[in-house]
There are 4 protein chains.
Amino acid sequence: MLATAVGRPRDAEIDAAVLRTTVDLLETTGYLQLTIAKIAARAGTTKPAIYRRWPTKAHLVHEAVFPAQDFEDLPEGRDLRADVRTLVALGVQLLARPAARAALPGLLAESAADGALAAEVLGQAAGGTFEWLQGRLDAGIAAGNVRPDVTTAAVFELVAGAAFVATATRPADAIDERWIDQMVDLIVRGIAP
Amino acid sequence: MLATAVGRPRDAEIDAAVLRTTVDLLETTGYLQLTIAKIAARAGTTKPAIYRRWPTKAHLVHEAVFPAQDFEDLPEGRDLRADVRTLVALGVQLLARPAARAALPGLLAESAADGALAAEVLGQAAGGTFEWLQGRLDAGIAAGNVRPDVTTAAVFELVAGAAFVATATRPADAIDERWIDQMVDLIVRGIAP
Amino acid sequence: MLATAVGRPRDAEIDAAVLRTTVDLLETTGYLQLTIAKIAARAGTTKPAIYRRWPTKAHLVHEAVFPAQDFEDLPEGRDLRADVRTLVALGVQLLARPAARAALPGLLAESAADGALAAEVLGQAAGGTFEWLQGRLDAGIAAGNVRPDVTTAAVFELVAGAAFVATATRPADAIDERWIDQMVDLIVRGIAP
Amino acid sequence: MLATAVGRPRDAEIDAAVLRTTVDLLETTGYLQLTIAKIAARAGTTKPAIYRRWPTKAHLVHEAVFPAQDFEDLPEGRDLRADVRTLVALGVQLLARPAARAALPGLLAESAADGALAAEVLGQAAGGTFEWLQGRLDAGIAAGNVRPDVTTAAVFELVAGAAFVATATRPADAIDERWIDQMVDLIVRGIAP
DNA sequence: TGATAAGCGAGACGGTACGTCCGGTCTTGAG
DNA sequence: CTCAAGACCGGACGTACCGTCTCGCTTATCA
């Protein structure tokens, strides 16, 4: 995505309009019914303009629904329960948005056949989060709040998985504070010595 | 799929060949690249023969990858740990097969836009399993091994979610007995009083 | 088409109803749009009952539109002009009926790929007619009204061809007595010494 | 078939390959067995590419077998016999080719149900030819070689019809110079005063 | 300042896959 | 062996849409 020096520069308006439209249409029509042509028409541009920016629908949707900055602002660690709560809340916040609910299964389906895409999608989610969780759990072990044989991957799978299944099976308003509290409770007790 | 008395009966060979081919192609090409035309060609039959049996690709894949009988043989309850282990193992056994890994995100993506399909897919998984789990947890509560405020749905989400995320992110051989033991440990401790 | 002695005898009503319906539908929908299924439905019977009697649509149409007896009643020869007129009138009578106009190109198209059918269709038309014409021309030669080098085939081609092209290109009511007279005039002069 | 300024231009190779393949397959399989799918496969292209160019099989066959330019080069009139011979030879030349023998009944059958197609098919044949014949006959009348009451349509029907029936019933090699001479003789005498 | 290069809207193209129609066959149960 | 009823198989249909390409124009940088 490096800007070449020569030639007409890309119109940043188009980037913004396309990303915005993609989210809108995702919520309306779902991932599979979403087409580049529809996005182009609704964003007031053309298919080639979109294909110039994103190689596939999956890349576009990924960028539109899970912008990179969403994964960057994890707070400093406090006590264990608060940290777990932060993680569960992050998972819910990321996955429960309508656009995310619509996009994720589609992205996963595409990832199944495209390793590079899978790496990109998962890499981003895991990226900072995984290390952050590892740090929190290590601190917990040191403080005696977490069993030493608990692996970061297992906790990550529990948290992410529960959030994913909940968003896939529950109505949106059934994933609330009480749901989060319940999950936090289960996780914190599960990893306790 | 009720047999009508009148008219030429269906060729059972075709049913079998199509289901077999569907699983094969899923593992090879993935859900999105899978097409009815390819299945028909490889199974030695034609598209109409397939459309006569299954209304959409999703229905066919569902039946091919998650046949109904897979969900029917949950054993009698024993002690709590064994029961949780049964559930986790069932989740892994169902989701870790290559065809299932390829099929599930696709089915979820289709379900997002087709409520009836969602009900079918989830209904089957939840069908017996949910009630069975509820019974086991109630028994656990009665025996004092489970906190009374633990909900079946939450446990179900943890187990199914962990299995799903693990199959989506780990290599197949990294989901072994040790992984299961670890999950069972986390869950059992999480729900204990 | 020999009736076998054993078993239930065929229902002659069905033969008649199908032939009648075939002519009706030919005039309405044309040869290519005509289907065995439509004929069966309208004749109040079923496809298998029709296929039991006629191997193809072409055979059925042939029998329905050009029954064998139509070609059998050529009158005794009189004078040459009258004989030519008989032939031209026969051609017009056979080809100008709506069902025949609709059927003939279709039958010819099928005949192009099916030699046996071609022999049947042409054989019937040529059958008695060709010999009859040959006799009349021979008599004309003997009487000095026809050049000896005129071949029967050429005259046959002129008469049949003119009738065919006229039915294919003219409206039905433009093929009248005056048209016949004109053609007879051209032919009689053409073959005269 | 007007070239639009905008959009990707058509691949002329495909036009040529499809027309060539259509003629080949017509000679091999006949009109009714000819399918767009087979043509596409054999021409190395696809059905939509064909449907973009020709709305129906009939239009494609028409253009492939009777290209427009075939009807454009009628020579200046000379004496009557030579002119009639020109017309008969043109008829034979157009209709006796294997592809034309296979195509014509099919085109006529389709024309029976599609007036617009009929106008196109007949219009092309009649187009220049009819006027040309009219001019020649008028000249013949003026020169005293043709009866004034001879109509152009009747002569046209005789010539076209004879050529058509001959190609439909005779083997290809039986329509030779001698056949043409015989027909010319019959026609010229038929229209003479 | 002019040449070069890339982006843009417009829109048709090539080709994959779709879901359907229907032609001809087969099965059942009764006559 | 026929009949009515009806489903089945498979060839072909005509269409939707994806991603690419071409055009004529615009907008920037580089020589």
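Lettering of chains follows the sequences in order, A, B, ..., and the numbering in each one begins at 1.
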Distance check needed: [N] [atom2] versus [X] [atom1], whole Å only.
| X | N | atom1 | atom2 | answer |
| --- | --- | --- | --- | --- |
| D/K57 | F/dC13 | NZ | P | 7 Å |
| A/D11 | E/dG9 | CG | P | 7 Å |
| A/I14 | F/dT26 | CD1 | C1' | 12 Å |
| B/H59 | E/dG19 | NE2 | P | 13 Å |
| D/E13 | F/dC21 | CD | P | 17 Å |
| B/W54 | F/dC8 | CH2 | P | 12 Å |
| C/Y51 | F/dG6 | OH | C1' | 15 Å |

(message) Nearest 0.5 Å, please: how far is CG in B/L60 from OH in B/Y51?
(response) 10.0 Å
(request) Could you list by number each residue of residues 105-121 of chain C showing a heavy-atom separation from DNA chain E of less than 4.0 Å, or answer none if no residue does? (result) none
(message) Please list, in numerical order, the residues of residues 29-50 of chain C that have a heavy atom closer than 4.0 Å to any atom of DNA chain F.
(response) C/T45, C/T46, C/P48, C/A49
(request) Tell whether D/R8 reaches the base of E/dG14 with its side chain through a donor-acceptor pair below 3.5 angstrom. (result) no
(request) Would you mind telling me which residue lines up with the more 5' stretch of DNA chain E, B/P55 or D/R52, judged by nearest nucleotide? (result) D/R52
Does [X] reach the main-chain N or O of [Y] with its side chain, forming a donor-acceptor pair under 3.5 Å?
| X | Y | result |
| --- | --- | --- |
| A/Q124 | A/F66 | yes |
| C/K38 | C/Q33 | yes |
| B/R97 | B/V65 | yes |
| D/E27 | D/R101 | no |
| B/K47 | B/I39 | no |

(message) With a cut-off of less than 4.0 Å, is there a side-chain N or O of A/R53 near OP1 or OP2 of E/dA6?
(response) no
(request) Determine, step by step, whether A/T56 and A/E110 satisfy the side chain to side chain contact (heavy atoms under 4.5 Å, CB included) criterion, reporting the C-alpha distance in whole Å, the side-chain angles of both residues, the deciding distance to 0.1 Å, and the verdict. (result) CA-CA 10 Å; A/T56 69; A/E110 307 260 25; over 6 Å; no
(message) Check for me whether A/K57 meets the cation-pi criterion with A/Y31, that is, NZ or CZ under 6.0 Å from the six-membered ring centre and within 45 degrees of the ring axis.
(response) yes
(message) Does this structure show an ion pair linking B/D15 with B/R10, if we count only N-O contacts that are shorter than 4.0 Å?
(response) no
